[in-house]
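Okay, structure first, notes after.
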Amino acid sequence: MNQNKEIPYKIFLEENEMPKQWYNVRADMKTKPAPLLNPSTLKPMTAEELSVVFCDELVAQELNNDNAYLDIPQEILDFYKMYRPSPLVRAYCLEKKLDTPAKIYYKFEGNNTSGSHKLNSAIAQAYYAKKQGLKGVTTETGAGQWGTALSMACAYLELDCKVYMVKCSYEQKPFRREVMRTYGASVTPSPSDTTKIGRKILADHPNTTGSLGCAISEAVEVAVGSEGYRYVLGSVLNQVLLHQSIIGLEAKAALDKYDIKPDLIIGCAGGGSNLGGLISPFMGEKLRGEKDYRFIAVEPASCPSLTRGKFVYDFCDTGMVTPLAKMYTLGSNFIPSPNHSGGLRYHGMSSVLSQLYHDGYMEAISVEQTSVFEAAEMFAKVEGILPAPESSHAIRAAIDEALKCKETGEEKTILFGLTGTGYFDMVAYEKYNNGEMSDYIPTDEDLAVGFAGIPKFEGNEI
Ligand SMILES: *Cc1c(COP(=O)(O)O)cnc(C)c1O
């Protein structure tokens with residue numbers, strides 16, 4: 001206990017200890033993530049093809065499997081200084097509450113107005129768009145954190161920002177929409193009649209409440225059809241994991257100052273960007289055979305891409321306009337059941353994390369949403385932070401691991417990613433508080449519907 005007390009509640013980094021480069025875990029992977037494929041030729045997407053949709057520098061980052069470290073431009077470092085380093089907190093109060101010998105740390109990414117880690121990549125993507133002389137960017141947002149983060153970054157750099165927001169979130173989270181508009185973004189509920197694909201989806205499914213995959217199709221269509229615009233994406237892509245490595249690099253630098261080595265690193269997994277960013281530098285050590293860690297991805301039981309999905313090439317969007325990515329997927333037309341409140345609703349998973357999971361470097365579990373909100377409530381009461389539902393998946397798993405340590409008496413060190421705050425998720429909390437939250441685990445038959453939409457070609461059997 002005394003030894004513990006030498007470690008402060010929060011470990012900060014001095015400005016000169018802050019990372020100046022991102023870490024690209026692909027450089028240390030023996031089996032690289034499979035390349036994006038052009039859906040019409042089934043050949044790897046070339047830089048030229050990708051540059052129709054994405055900014056040139058981001059295309060280069062997307063395709064870079066070789067350089068382990070990439071310099072963070074000074075302008076981005078300056079922006080990071082406004083809200084980074086994010087706190088690395090020793091969860092003494094949670095440990096006490098659980099009466100566990102485990103030592104729990106969390107890296108808190110909610111201490112900026114967007115309320116999540118998404119700002120780390122938003123500023124990078126907006127910066128490269130600006131540097132290329134573009135007028136603006138388009139994107140989709142589900143729960144709204146990515147759209148908010150991108151609006152902030154675009155406002156800072158004076159870029160136009162068009163956000164397609166999944167319709168049910170647009171209606172459920174009017175305040176998030178207003179934050180985006182305050183930062184100058186235009187926000188359109190998706191599906192909308194402003195795009196060809198949106199009109200088609202509306203015609204086929206007039207009552208749809210939208211999905212991320214559908215909003216992506218709309219945003220891509222607008223970017224490709226508007227001069228001076230490119231599309232940006234807040235998760236899943238290799239470039240996003242690269243930018244998010246700032247989370248893991250900071251966490252590692254802070255822990256190293258006190259010679260702390262985590263045994264277990266836990267993160268929630270939607271498209272995989274926060275988890276990939278948090279674990280990257282630690283995973284690098286594991287891949288190079290220097291140190292060993294256990295990594296656990298936590299996903300909702302209602303959207304179980306890693307634990308129940310297929311590792312195949314699939315579209316990244318519902319409209320099937322994006323390249324094909326090899327990933328664990330539930331099928332691009334998969335939509336979680338309507339009672340699902342906890343975010344993390346994307347049908348696929350980062351190709352980097354998918355490959356690492358496939359090769360046995362990472363574990364994955366799924367948890368049910370009522371147990372996720374129980375964990376969120378406990379955490380809010382003892383640690384003071386009202387967590388985002390997404391983040392609470394990681395809290396659930398960290399608590400469960402700490403309780404296992406209580407049984408076995410093991411003093412494991414657990415690090416988890418607390419990706420954001422939940423102030424805009426009060427409709428979900430309200431359901432939980434009213435006892436109206438239920439769990440739904442899709443049946444194999446439910447999942448078969450999504451799998452049926454996976455493209456079929458030689459070598460892509462499900
Ligand atoms: C977007 C988001 C996630 C999930 O996205 P990943 O790309 O899997 O990290 C998790 N937590 C919060 C707070 C988010 O906004």
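Whatever order the structure lists ligands and atoms in, that order sets their numbers, starting from 1.
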If the plane angle is over 60° it's perpendicular, under 30° parallel, otherwise tilted; pick one for Phe54 and Tyr231.
-> tilted

For ligand 1, which atoms, with element, lie under 4.0 Å from some heavy atom of Ser116?
-> 13 (C), 15 (O)

How far is atom 1 (C) of ligand 1 from its nearest protein heavy atom, and which residue and atom is that?
-> Lys118 NZ, 1.3 Å

Tell me, please: is His117 in heavy-atom contact with ligand 1, that is, under 4.0 Å?
-> yes

Tyr92 ring center within less than 6.0 Å of Tyr9 ring center | yes

In short, Lys20 meets Leu77 closest at the heavy-atom pair CD-CD1, 4.0 Å

One finds that the ligand 1 atoms under 4.0 Å from a non-hydrogen atom of Ser235 are 6 (P), 7 (O)

More than 12 heavy atoms from other groups under 6.0 Å of NZ on Lys81 | yes

Is Cys268 in polar range of ligand 1, meaning some N or O pair under 3.5 Å apart?
-> no

Would you call Glu109-Arg84 a salt bridge at under 4.0 Å N-O?
-> yes

Using 4.0 Å as the upper bound for N to carboxylate O, is an ion pair formed by Lys167 and Glu171?
-> no

At a non-hydrogen distance cut-off of under 4.0 Å, which region of Gln244 contacts ligand 1 (side chain, backbone, both, or neither)?
-> neither

Of all the atoms in ligand 1, which lie at a distance below 4.0 Å from a heavy atom belonging to Gln145?
-> 13 (C), 15 (O)

Polar atom proximity, Ser273 to ligand 1 (N or O, under 3.5 Å) | yes

Atoms of ligand 1 under 4.0 Å from any heavy atom of Gly270, numbered from 1 in the order shown, are 8 (O)

Answer yes or no: is there an ion pair linking Arg396 with Asp400, defined by an N-O contact shorter than 4.0 Å?
-> yes

Taking only Lys NZ, Arg NE, NH1 and NH2, and the carboxylate oxygens of Asp or Glu, determine whether Arg288 and Asp28 approach each other closer than 4.0 Å.
-> yes

Ligand 1 to Glu390 polar contact by distance, N or O atoms, under 3.5 Å = no

Structural part of Ala269 in contact with ligand 1, heavy atom criterion under 4.0 angstrom = backbone

Salt bridge or not for Lys130 and Glu75, using N-O below 4.0 Å?
-> no

Examine the proximity of ligand 1 to Leu344 and report which part, side chain or backbone, both or neither, has a heavy atom under 4.0 Å away.
-> side chain

Nearest protein heavy atom with distance in Å, relative to atom 12 (C) of ligand 1 | Thr419 OG1, 3.3 Å

